[in-house]
Amino acid sequence: MKALLEVENLHTKIGQFSILQGVSLSVCEHTIHVLLGRNGAGKTTTLRTMMGYLRPVPGIIRFEDQELTGIATFRIARYGIGYMPEDHNLFANLTVEENLLLSLPKQDTHVRSQIAKMLDLFPDLRVAWRRPAGTLSGGQRQMLALASVLVSKPRLLLVDEPSKGLSPRFVERIGDALEQLRSETTIVLVEQNFYLAKRIGDYVTVLDEGHTVYSGEMQSFAASDELQKRYLGLQTDKKGGAK
Amino acid sequence: MRPVRLAWLLLSTLFLMGFPFVFGSGGGTSLLEQIFVFGAFAMSYDLLIGYTGIVSFGHAMFFGTGAYAVAIVLSKTGGSTVGLLLGFLIAMTISILLSLVVAFLSLRVRHTYFAMVTLAVGQVFFVLAGSQPLRPLTNANDGISVLTPVWLNSNLAVYYFILIFLAIVTLFLHRFIHSPFGEVLRALRENESRAKALGYRIFHYKTLAFLLSGLIATLAGGMYVVVESFVSTSVYDIGSVSLQVVLMTIVGGVGTLYGGLIGAGIILWLQNELANLAGSYPVFNHAEIAFGVLYVLVVRFLPNGILGTLKGRKGRWRWTSQTFKKSQT
């Protein structure tokens, strides 16, 4: 399968601290590639570096045949890469409608159909249409954040912990939505919730202390208690599920 | 347009159009002319602070540049209409160049540094306007008395000229902030990092907002000369112009557009009243103390300014009444 995104030997510093010290991954088209790792492993920094917020020195990020290293964030977004950060992912004082309209590319002529599609995917947003995003519940906010990224039809979607702080009902719905999108886009997902990750992920890359320590198919990773224990420190319960 | 809003617009238009006929062209009308000029200036500042989230402490550099450019050209051309137009044209050209230079130097840095850079550049203009080497052009600290074109010799003509200017600026800014570009500016104010990730080139948007805000402030400065027929270094003064416009915007309501006009009205009226009282009570000579107290009171009790608070209450009332109606059905 063709790789849409290739990251090679990514090194990123924040201030004087080396956060990434050799992250590599290859993401195939129309797959969900999950980044796993303990807290502080460098998952969010990897996404922020890919999106151009942080400059890697050294390291290569290639999207299709275009080198993204050192390119400004707004240009990376214009190549068709959508980013849903963990926090601060909305315009809190603007309405749901305004948030979605601002996320549409200027040249998009199918505004209505794109927005209707998002409202079908996330019906909760329909009732909150005229409300400021800051007044929405945690789950609604995450849905709006995801809809805001999806409405521009990105070719690659970087999603950082969409399930954080959500009730199991909302986690399920976010998972369903991401699964539905697999045929339309490619997703790199940072996720702490291993149940969600193994449910929807096709491939997995595990990071530890800023390094890539494992890359492979999610199916084999989810099936191996030993791999989960070694890389994520997960214990296996009596029913065979990781916890 | 909603009927209530339309009624307000018609009433205020009628009031302002008829004011000189009812109250004469004396003190009240002159005060209104100043309010119109500073109102337009404050609204231009609100575009920056309220809609883009950029704080500038040197907005007087635009106001003063407009005032000086128009005054110098008018004085050199003997107060002709061509001189007036040329003055505004030169003022606008300088304003565009100035905003581009300041934006290039400082808009990429953090907001605090930007505020400091504008403060410094504003001070440079203040010093230049009063400097002796430039006396042939600016008349240094003595200022320039200006002859305006013949058709602006009556108070009534000046009043309507400034009123039309205010109407055009208000209409333009209203349309601008409700345009897609205005929406993007509000998005930048809310969450710059998010706007970048959506593909918006932040620097370009901020620069254009700064340029436009500066341009309107420059035009307001030019209008100030038409009203006062005089200009001195005080138009570049941080205390009496730059900080005053900040106060006007905060009192009226940041991010409300018309709040700047309301703030200008309150501050200038208060200034006028205090000046009158100072004749009998010397304690009122220090108007700055009153403005300091006003600022503290507004920040403490009306953090969103007068118009911002009124809008907030209206919004809350709508929200409560809708929720109540839903609970009844």
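Convention: sequence-line order gives letters A, B, ...; per-chain numbering from 1. Every value quoted in this text rests on a predicted model; they were computed, and no experiment measured them.
Of all residues spanning residues 67-77 of chain A, those with a heavy atom less than 4.5 Å away from chain B's heavy atoms are Thr73(A), Phe74(A), Arg75(A), Ala77(A), arranged by number.
The CZ atom of Phe91(A) sits 6.0 Å away from the CZ atom of Arg194(B) when rounded to the nearest 0.5 Å. Note that CD of Glu98(A) and CZ of Arg186(B) are 4.5 Å apart. Values are rounded to the nearest 0.5 Å. Taking OG from Ser193(B) and CZ from Arg48(A), the interatomic distance works out to 6.0 Å, rounded to the nearest 0.5 Å.
Counting heavy-atom neighbours within 6.0 Å of Phe203(B) CZ, excluding the residue itself, gives a total above 12. Surrounding CZ of Phe165(B) are more than 12 heavy atoms belonging to other residues, nucleotides or ligands, all under 6.0 Å away. In this structure, Arg55(A) places its CZ atom where only 12 or fewer heavy-atom neighbours from other residues, nucleotides or ligands lie under 6.0 Å away. Other residues, nucleotides and ligands place more than 12 heavy atoms under 6.0 Å from the CH2 atom of Trp129(A).
Nearest approach of Ser148(A) to Leu198(B), heavy atoms of both residues: O-CD2, 4.3 Å. Residues Leu90(A) and Asn191(B) approach most closely at O-ND2, 3.1 Å, considering heavy atoms.
Only the side chain of Tyr53(A) comes within less than 4.5 Å of a heavy atom in chain B; its backbone stays farther off.
Counting heavy atoms from C-beta outward, Leu102(A) and Glu183(B) have side chains that approach closer than 4.5 Å.
Between the side chain of Glu190(B) and the main chain of Asn93(A), a donor-acceptor pair closer than 3.5 Å is present.
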Side-chain atoms of residues 292-307 of chain B: list all donor-acceptor pairs with protein atoms under 3.5 Å, sequence neighbours left out, distances to 0.1 Å.
none

